[in-house]
Every structure is written in structure tokens, then in C-alpha cells.
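Have a look at the structure below, then the notes.
Lettering of chains follows the sequences in order, A, B, ..., and the numbering in each one begins at 1. Values below: all heavy atoms of this structure, side chains included; hydrogens, waters and symmetry mates excluded.
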Amino acid sequence: MSAIEPALVRTESELEHAVSVVSQFNEFVIDIETDGINPRTNALSWVGLATYGEVFLIPMQHRRGRLLREERLTKSGKPSKAQTPPVHKRYYGDPGAQLMPDVVTAAIEPLLFGEQLKIGHNVKFDMLSLAKYYGGRIPDGPYNDTLVMQHVVDENRRSYSLKDIVPDWLRISKDDRKGFYPKLGKNVASHPIDALAKYLAKDVRYCWLLWQALCDWISREDMWDVLKLEMDLYPVIMRMEAAGAYVDPDHLDEMEQELDLQLQTIERDAWTTAKVRTPFPLTNTNMKRDLLFKPKAEGGQGLKPLKLTPKRGDPVLDQATLEHYADKGNKLASLFLDYSEKQKLLGTYVLGLRTRMNNGKVHTSFTQHAAVTGRLSSRDPNLQNIPRDSNVRALFVAPPGYTLVVADYDQIELRVTAHFSLDERMRAIFEAGEDIHAGTYAAIVGKEIEDVTKDERQIGKGLNFAVVYGAGPPKVAAMSGVSVEDAKFFMKQYYKRFNNIEPWKYFVLNEARRRGSPAHPYLQPPYVTTLLGRKRRLPDLFAREYIPLGRAERQAINHRVQGTAAEIMKIAMIRVDQAFQDTPFTLILTVHDEIVSICPEGMENEAKELVVSALSGITLNERPIIDVPLVVTCEAARRWSEAK
DNA sequence: TTCCCCTGCGCG
DNA sequence: AAAGCGCGCAGGGGAA
């Protein structure tokens with residue numbers, strides 16, 4: 001490929017030209033640079049655009065021109081001729097004429113808010129950052145995110161950064177990669193304007209080429225339905241991230257103080273127990289190690305290390321070790337354990353939330369490229385693993401004047417299983433609207449569902465988990481509270497009674513293997529699909545050893561079920577978003593089989609009705625999406641913890 | 001200092 | 001014979 005000559009857009013007429021060229025095409029790549037990673041607070045510093053054969057780079061208020069001269073200083077401050085003195089001073093030229101961000105954002109508005117396809121690598125970040133310049137308006141679709149596209153065609157990659165993907169596409173050898181995509185520091189403003197232009201030109205140009213290659217590949221893989229769902233969901237996710245989740249600030253303060261106090265108490269208690277003269281923080285691992293494992297004569301507890309670190313031979317201080325000695329009655333070990341538990345609650349959830357708060361809200365990122373099955377994931381902060389029975393969930397509240405509306409699917413994965421397996425007995429339980437776990441137990445022992453006890457229902461639950469996750473007798477036994485022998489018996493009965501489940505599993509696995517080539521398990525891997533055709537490629541379905549083989553088989557079955565459930569929820573989210581247009585209702589969170597919205601106080605019933613019908617009335621080709629009823633529970637609550 | 005891997009634990 | 005899927009984050013430990 002020929003070298004890219006970055007044409008900098010510095011004047012209004014150049015800007016007008018750039019926009020008019022880009023607007024002639026149906027699609028374009030956009031990539032922006034900012035001074036920070038928080039889209040709600042960062043400032044725009046560069047816009048890069050690419051389309052058929054064209055690249056435009058628009059710097060704004062970039063202060064460093066070309067690098068004129070480097071001065072190397074010794075520590076004493078004197079100029080030095082030595083080869084690599086540690087301190088540099090650099091002199092830069094005039095960066096030249098540039099446009100103001102307001103002028104640029106106004107000019108590109110028709111590109112963003114028009115009908116053209118907007119392409120970018122994680123373009124969500126760019127749009128959320130730009131929304132500030134349009135009074136918070138987030139450009140609606142159509143979008144193509146090359147990050148999501150890459151994940152659709154190859155879900156098993158470790159990295160999805162442009163820097164790692166593009167060289168694969170262009171077949172750049174390992175040795176040439178460093179020079180091919182030079183690493184620029186995070187701080188955009190610190191680089192000379194020409195260096196940054198060169199870098200950004202590569203980014204937008206390669207993103208454009210990547211998009212073209214990915215379009216072909218998605219066609220080849222026949223996965224446009226999957227991509228369409230992801231890209232229809234894209235603006236919905238952006239709106240959710242922008243809306244954010246409200247956190248009760250007073251409650252957060254209270255919890256922080258309470259945990260602080262508890263930590264201090266534990267710390268003081270530990271100092272007394274250890275009989276130390278000088279207080280030390282209970283985060284100090286070396287100190288804790290000494291106190292537990294040094295002989296009593298040296299002020300320690302004289303415990304025997306359970307295992308040692310491989311390199312230095314220090315005693316390991318992990319949870320298992322601490323628990324071992326805490327169980328034996330060592331007070332210090334149990335105090336250390338208590339401390340780390342509270343520390344985790346305080347650090348991960350309380351302070352973790354606090355540092356990410358913005359005007360009373362936290363704005364998570366939902367990623368579409370993290371889960372191999374196609375589930376969404378949530379990060380920075382992760383709002384999908386908030387503890388259920390601690391007080392943390394109660395921190396999430398509706399804003400003043402609003403109520404939370406929380407809806408979730410009942411047993412969606414088992415309903416999907418019933419749909420795919422065509423198991424009549426399993427479907428009958430759902431058709432009759434009965435409790436699946438109790439119904440499962442009743443079916444295998446042949447008793448009435450009304451007579452199933454709580455303990456027996458637990459056995460049914462364990463068996464149902466075993467179906468979806470592929471758990472073996474020991475796990476089923478542990479979950480059901482029965483012996484391994486009994487678990488084996490129940491499982492055997494289960495597959496006898498629900499007699500289509502096992503054949504269905506074998507069918508899915510055989511179908512997957514037929515799609516692959518045993519001779520080339522990586523070039524042409526076996527794969528399983530979801531309802532819409534999302535693939536999970538599993539080379540290990542051809543493994544000869546039973547551990548990886550067994551794992552791959554469990555992953556295969558689980559993919560079809562979990563991935564399809566995820567698709568149903570994604571369609572539901574799009575429908576909720578549509579139903580919420582021109583209403584005061586807002587979708588704010590999703591946790592796999594649950595969605596959380598807010599609505600003005602007093603409008604709960606209307607909101608609930610919209611949500612329930614959006615979730616339960618999903619069709620595909622004018623038929624219900626699965627042949628098993630979708631049951632939704634929905635309730636209004638002041639705090640997230642108060643729902644269900 | 002920064003990055004990577006591992007373990008443990010929170011959720012569905 | 002043995003057999004739990006999918007995530008993200010914090011902390012420990014080691015490598016660069």
C-alpha cells in the first residue's frame with residue numbers, strides 16, 4: 001500500500017471541502033482524539049475522517065508544531081553530549097492555523113445526524129464524546145463498529161485493538177509489527193502535530209480497509225443477521241450508557257464510614273492480638289507474613305507455612321491458608337480474613353462506585369465483544385455483579401421524582417433449551433405455567449407437582465443446571481444436597497423422563513463437528529450457532545483427550561442456550577427502546593435476563609405495560625421467537641435491592 | 001512503574 | 001473415570 005499523505009484541514013474552506021467530499025458517499029470512518037477517556041468530560045482535539053480513497057484530519061487547538069530541537073540535560077541541569085541522559089527538553093515549531101471545536105462539530109453535524117453509515121473502531125466512544133457538542137444528542141444509527149464486527153467473525157481473539165487486528169489482515173510479520181504500528185503515548189497533546197497526523201491518518205485509513213475486509217468476511221460467514229442485531233442495539237446501548245445509574249449519595253457516605261470504622265476496629269484488634277508495639281496497616285503483606293510465620297520468640301505466631309512462593313520461598317498468605325488457620329482457631333488469621341473481606345467490599349464496590357461517579361450517576365460501558373456467547377458485559381464499573389445480599393444494591397436508586405421499573409425473564413435459558421430440544425415433557429411444564437424445578441422433580445419420580453417439597457425442588461433445580469452447564473454427578477449432588485450416588489440415580493432418571501434432551505445434545509455436537517475439518521481444526525473449526533446464527537468456533541470438539549473434549553462439549557451446548565437467551569434479551573432491549581420513544585421513560589441497565597428502567601412517579605403502570613409487552617411479545621418471521629411462552633415479571637421499586 | 005497471569009469471589 | 005457455562009475486578013506474584 002502506498003504511503004498515506006495526511007492532508008490537514010486547517011481552514012473553513014478546507015473543512016467545507018472535506019465535509020462535501022465525505023457526504024457524497026454512503027459510508028465513512030470517523031475517529032476522534034480527545035484529552036481524556038471519559039466521554040462526559042473530555043475535550044475534542046482531533047477529528048479524522050476516511051472514505052473511498054480519501055482521508056481528512058482536523059486538528060483543533062493542538063499546541064505543538066514540528067519538533068525543532070531536542071536538548072539533553074544532565075541531572076545538574078547542564079547540557080550534555082552524553083548518549084542518553086535521562087532528562088529531555090524539546091522545542092517545537094508553530095503548529096499553524098487551526099479550527100475551533102465548535103466550528104468543526106457544527107460542520108460535521110450533517111455527517112453524524114444524517115443517513116450515512118458511520119464506521120469506527122469502538123465508535124461508541126467517539127459518539128458519546130461528541131454528544132457534548134450537540135447538547136447531549138447522540139447520533140442515531142446506522143453504525144458499523146469494526147470492533148464488534150471483528151468479534152462476530154472471530155470470537156476467540158485475545159485482543160481486539162486496531163493495532164493487533166490490522167496487521168493480521170495485512171499479513172504483517174511479527175518482526176515488522178512494531179514499526180508498522182508505532183506506539184504513541186496516551187497523551188495526544190504531547191506529540192508534534194505532524195507525528196500525530198501521521199498516526200491518526202493510519203488509524204482512519206486502516207479502519208476503513210478493515211471495514212471493507214470485514215464486510216466480505218461477514219458475507220462469507222453468512223452472519224449479517226447477527227451483525228444487524230448488534231448494530232441495531234448499538235444506539236440503544238449508547239443511550240443507556242449516557243443515561244447512567246443513579247446512586248444514593250448519602251447512603252454511599254454512610255456505607256463508606258461504616259466500613260471504615262469496621263476496618264479500623266479489626267485493625268486495632270489485630271494489633272492487640274499480635275502484640276505489636278508500632279501500629280501497621282493491615283494491607284502490609286510482609287508484616288502480616290512475619291506476624292503469622294515467625295517464631296514466637298521473634299514476636300510471631302509460629303505457624304507452619306502451608307506453601308511457599310516458588311521464587312523467594314516466602315510463606316504464601318492466600319485466603320486458603322488464612323482460612324486453614326482461622327478454622328484452627330488462630331484469631332490473627334481470622335482477623336486478617338475479615339479485614340480483606342471488608343476491604344473488598346469497600347474497595348471494589350463502595351470506593352469503586354465513588355471514583356466513577358459523575359453528577360450523582362455512574363455510567364458503565366456495555367461491551368459487545370467480551371463474551372464468546374454474545375452476552376453483553378459491563379465494565380468500569382461492572383454493574384452486572386453487584387452483590388445481591390449486601391447493602392450495595394440498595395445504593396442504586398431512582399432519581400428524585402422517578403421510580404425504577406425492573407423486569408426480568410423467568411427461566412429464559414431453560415425455556416430456550418425446551419424450545420431447541422423439542423422435549424415435550426419439558427415444554428409441557430412451561431406451557432402449563434408450572435414451576436420448572438418442582439415440575440422436573442415431579443416428572444422424574446412420578447408424583448404431583450403440588451406434593452413436591454422444598455428440598456425436592458432443590459434437586460430439580462440441580463438437575464436443570466446440569467442440563468445447561470453440563471455439571472457432573474458431584475456438582476449436582478453438591479447443589480441438590482444429596483449423595484453422589486443419588487445424584488447419579490436422579491440424572492439417569494432425568495434423561496429417561498426428559499427423553500429428548502440427550503439426543504438433542506448429541507445432535508448439536510454432531511452438527512458442529514460436521515461443519516469442521518478434523519484435519520484442520522483451527523482453519524476450519526467445528527462450530528455451534530445460536531438462533532440468529534452467532535457462531536462459537538470450538539476446535540477442541542476434535543480433541544482426543546477427554547478433559548478438553550468434555551469442556552468443549554459443555555461449552556458448545558451452553559453457547560447455543562446462553563447465546564440465544566442473550567439474543568432474545570437484545571431484541572427485547574431494542575423493542576423497549578422503541579416503545580420508550582416519545583415517553584419520559586428511560587432504559588438504564590441490563591443484567592443478562594433483567595432490565596432496569598426509570599419512569600416518573602405515578603406512571604409506573606404505563607411503563608410496566610410497555611416493558612412487559614416489549615419483552616414477552618417478541619416475534620421472528622411473524623411467529624413467536626421460541627415455541628415456549630416467554631414469562632416476564634416486572635415491578636416498580638425505589639431501590640434496586642427492593643425488586644424481587 | 002507497568003503489564004501479565006493466577007486465584008478468589010461477586011453476578012446471571 | 002470424570003465431568004460447571006459466561007463474565008470483571010482486586011490483590012498477589014513475577015517479568016519487563
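- For the residue pair A:His369 / A:Arg157, no side-chain donor-acceptor distance below 3.5 Å is found, with atom types taken as modelled.
- Per the geometry, CD belonging to A:Glu502 stands 18 Å off P belonging to C:dA3, to the nearest Å.
- Of the candidates B:dG10, C:dG6, B:dG12, B:dG10 carries the atom nearest the A:Asn385 side chain, counting heavy atoms from C-beta on.
- Residues A:Asn558 and A:Tyr469 have side chains that never bring a donor and an acceptor to within less than 3.5 angstrom of each other.
- Contacts between residues 503-513 of chain A and DNA chain B, defined by a heavy-atom separation under 4.0 Å, are absent.
- Backbone-only engagement by A:Gly470 is indicated by non-hydrogen atom pairs under 4.0 Å involving sugar-phosphate atoms exclusively.
- At the phosphate of C:dG6, neither OP1 nor OP2 sits under 4.0 Å from any side-chain N or O atom of A:Thr373.
- In the set C:dG6, C:dA10, B:dG12, the nucleotide with an atom closest to the side chain of A:Thr348 is C:dA10.
- Considering only the side chain of A:Gln562, C:dG6 comes nearest among B:dC11, C:dG6, C:dG8.
- Taking atom CG on A:Asp380 and atom P on C:dG8, their separation rounds to 10 Å, with Å as the unit.
- Ranking C:dG8, B:dG12, B:dC11 by closeness to the A:Pro387 side chain, first place goes to B:dC11.
- The only member of A:Leu615, A:Val405, A:Val406, A:Asp408 that meets side chain to side chain contact (heavy atoms under 4.5 Å, CB included) when paired with A:Ile595 is A:Leu615.
- Under 4.0 Å is where a charged nitrogen must lie from a carboxylate oxygen, and between A:Arg534 and A:Asp225 no such pair does.
- B:dC4 is paired with C:dG13 under the criterion used here, namely a Watson-Crick or G-U wobble arrangement in which both key atom distances are under 3.5 Å.
- Between A:Glu553 and the options A:Arg560, A:Arg513, A:Arg536, A:Lys505, a salt bridge (Lys or Arg N to Asp or Glu O under 4.0 Å) holds for only A:Arg513.
- Rounded to a whole Å, the NZ atom of A:Lys475 is 12 Å from the C1' atom of C:dC5.
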So A:His437 and A:Tyr441, side chain to side chain contact (heavy atoms under 4.5 Å, CB included) or not? Walk me through it.
CA-CA 6 Å; A:His437 301 321; A:Tyr441 187 85; over 6 Å; no

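- Contact of A:Arg375 with B:dG12 (side chain to base): a donor-acceptor pair of N or O atoms is detected under 3.5 Å.
- Under 3.5 Å, the side chain of A:Asn382 and the base of C:dG8 form no donor-acceptor pair of N or O atoms.
- In this structure, A:Ile386 atom CD1 and B:dG12 atom P are separated by 11 Å, rounded to whole Å.
- What separates CH2 of A:Trp640 from C1' of B:dG12 is a distance of 11 Å, to the nearest Å.
- Checked for salt-bridge contact, A:Glu567 and A:Arg375 miss the test: no charged N lies under 4.0 Å from a carboxylate O.
- Distances shorter than 4.0 Å separate none of the side-chain N or O atoms of A:Arg393 from OP1 or OP2 on B:dC11.
- Among the nucleotides C:dC7, C:dA10, C:dG4, the one closest to the side chain of A:Arg356 is C:dA10.
- A salt bridge between A:Glu241 and A:Lys124 is present, with a side-chain N of the basic residue lying under 4.0 Å from a carboxylate O of the acidic one.
- When the C1' atom of B:dG12 is taken as reference, atom CG of A:Leu383 falls 14 Å away, rounded to whole Å.
- Side-chain atoms of A:Ser365 and A:Asp380 form no donor-acceptor pair, as typed in the model, at a separation below 3.5 Å.
- Applying the 4.0 Å criterion to OP1 and OP2 of C:dG6, one finds that A:Gln555 has a side-chain N or O inside that range.
- For C:dG6, one of the phosphate oxygens OP1 or OP2 lies less than 4.0 angstrom from a side-chain nitrogen or oxygen of A:Arg536.
- The listed nucleotides are C:dG8, C:dG6, B:dG12; the one nearest the side chain of A:Val372 is C:dG6.
- If you take OH of A:Tyr546 and P of C:dA2, they are 7 Å apart, rounded to a whole angstrom.
- For A:Ser377, whose side chain is taken as the heavy atoms from C-beta onward, the closest listed nucleotide among C:dG8, C:dA3, C:dG6 is C:dG8.
- When the C1' atom of C:dC9 is taken as reference, atom CD of A:Gln343 falls 14 Å away, rounded to whole Å.
- Candidate nucleotides B:dG12, C:dC5, C:dC9 were compared by shortest atom distance to the side chain of A:Val591, and B:dG12 ranks first.
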